[in-house]
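For reference, the structure is listed below as structure tokens.
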Amino acid sequence: MGTIKACIFDLDGVVVDTAKYHYKAWKKLGAELGFDFTLEDNERLKGVSRMDSLNILLEIGKITLTQDEKEFYADKKNNWYKAFIEQMQPDEVLPGAEAFFKAIKNDGYKMALGSASKNAVPILEKTNLLHWFDAVIDGTKTQTAKPNPEVFLLGAKALGFTPAECVVFEDAEAGVEAAINAGMKCVGIGSPKLLAKANLVIEGLHQMTLDKLKHI
Ligand code: G6P
Ligand code: MG
């Protein structure tokens with residue numbers, strides 16, 4: 001084993017395809033507030049916390065709300081989102097994720113989750129993935145949002161490794177920046193243009209191999 005000893009995975013868009021459910025719920029909220037929320041707008045919400053996402057949505061709809069109203073609508077969106085994830089099946093795990101987990105575990109690497117979501121544990125339970133993770137750092141354990149490195153630093157600490165021993169897997173620009181700010185290597189999942197700061201960009205975990213991990 002080389003320098004890298006652990007992998008820290010973002011959840012939404014890396015391990016599971018939940019972005020579509022976030023989008024559906026935000027779109028429903030936009031409609032209720034009287035405006036259209038597009039798929040393009042949704043890109044801005046990837047990796048962004050629930051309240052920050054609501055603020056972006058309101059900016060797009062040119063709507064001003066009080067803090068109490070914001071809490072009300074953020075809750076409303078989350079309840080719709082929870083109803084979607086309640087129906088999730090293990091086959092909604094993204095291609096290649098479990099094969100890669102198996103490969104790294106067999107090779108002695110440790111694994112942590114590093115997600116902004118407060119719904120991460122129920123999602124991992126629904127999809128039968130929780131057992132893979134040696135540590136789970138989610139939105140219930142962090143004070144600051146990506147690109148702040150807090151979530152990944154807590155992940156490394158929970159696993160007992162230094163940042164230089166960890167690689168982060170991220171699909172959001174803010175997430176790639178958080179990994180860099182943490183002093184970790186990063187594999188971007190998605191657009192090479194958007195995620196240009198990552199050490200390596202792949203389309204999905206199905207393209208990831210132990211060999212790529214060792215040479216990052
Ligand atoms: C992830 C997703 C975001 C989501 C955030 C908070 O970072 O990419 O779209 O807003 O988690 O999720 P939550 O489940 O706590 O609302
Ligand atoms: Mg993500």
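In each ligand, atom 1 is the first atom listed, and ligand 1 is the first ligand listed. Just the heavy atoms: all of them, side chains too, but no hydrogens, waters or symmetry mates, feed the values below. Quick note: residue numbers are just sequence positions, from 1.
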Nearest-neighbour protein heavy atom for [atom], which is reported as residue plus atom name and distance:
atom: atom 16 (O) of ligand 1; answer: Arg50 NE, 2.8 Å
atom: atom 12 (O) of ligand 1; answer: Ser117 CA, 3.4 Å
atom: atom 2 (C) of ligand 1; answer: Asp12 OD2, 3.4 Å
atom: atom 9 (O) of ligand 1; answer: Leu45 O, 3.3 Å

| task | Could you tell me which N, O or S atom of Asp10 is nearest to the Mg ion (ligand 2)? | result |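 So the atom name we want here is OD2.
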| request: For the Mg ion (ligand 2), find the closest N/O/S atom on Asp12 and give its atom name. | output: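 Among the N, O or S atoms of Asp12, the one closest to the Mg ion (ligand 2) is O.
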| request: Could you point out which residue of Tyr81, Tyr23, Phe84 forms a side-chain contact (heavy atoms from CB on, under 4.5 Å) with Thr18? | output: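 So the option named by the test is Tyr81.
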| Any side-chain heavy atom of Ile63 sitting closer than 4.5 Å to one from Phe35? |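 Ile63 reaches Phe35 side chain to side chain.
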| query | Would you call Pro163 and Leu153 a side-chain contact if the rule is heavy atoms closer than 4.5 Å? | reply |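 When only atoms from C-beta onward are counted, Leu153 and Pro163 do touch, with a gap below 4.5 Å.
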| request: Determine the sole option in Lys76, Lys27, Lys77 for which the side-chain hydrogen bond (donor to acceptor under 3.5 Å, both in side chains) test with Glu32 is passed. | output: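 So the option named by the test is Lys76.
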| field | Shortest heavy-atom approach to atom 4 (C) of ligand 1 - which of Thr140, Val48, Asp138, Leu11 | value |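 Checking each option, the heavy atom nearest atom 4 (C) of ligand 1 is found in Val48.
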| In Å and rounded to the nearest 0.5 Å, what is the CG to CD distance from Asn128 to Glu98? |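 That separation rounds to 8.0 Å.
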| task | For the Mg ion (ligand 2), decide whether Asp171 has an N, O or S atom at a distance under 2.8 Å. | result |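 Yes - counting backbone and side chain alike, Asp171 has an N, O or S atom under 2.8 Å.
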Would you mind listing which atoms of ligand 1 come within a distance below 4.0 Å of any non-hydrogen atom of [X]?
X: Gly47; answer: 2 (C), 3 (C), 7 (O), 8 (O)
X: Lys118; answer: 13 (P), 14 (O), 15 (O)
X: Asn119; answer: 13 (P), 14 (O)

| query | Does the pair Lys46/Asp10 count as a salt bridge with the N-to-O cut at 4.0 Å? | reply |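 Result for this pair is no, no salt bridge flagged.
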| said: Taking ring pair (Phe, Tyr, Trp, His ring centres under 6.0 Å) as the criterion, tell me which of Tyr109, Trp132, Phe169 meets it with Phe100. | reply: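 Result for ring pair (Phe, Tyr, Trp, His ring centres under 6.0 Å) with Phe100: Phe169.
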| Checking Lys105 against Phe101: charged group under 6.0 Å from the ring centre and within 45 degrees of the axis? |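 No.
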| query | Any idea which part of His22 is under 4.0 Å from ligand 1, heavy-atom wise: side chain, backbone, both or neither? | reply |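 Contact part for His22 vs ligand 1: side chain (C-beta onward).
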| task | Answer with side chain, backbone, both or neither: which part of Ser53 has a heavy atom less than 4.0 angstrom from an atom of ligand 1? | result |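 The side chain, only.
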| query | In a check of salt bridge (Lys or Arg N to Asp or Glu O under 4.0 Å) between Lys197 and each of Glu170, Glu173, Glu177, which one passes? | reply |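 Option passing the salt bridge (Lys or Arg N to Asp or Glu O under 4.0 Å) with Lys197: Glu177.
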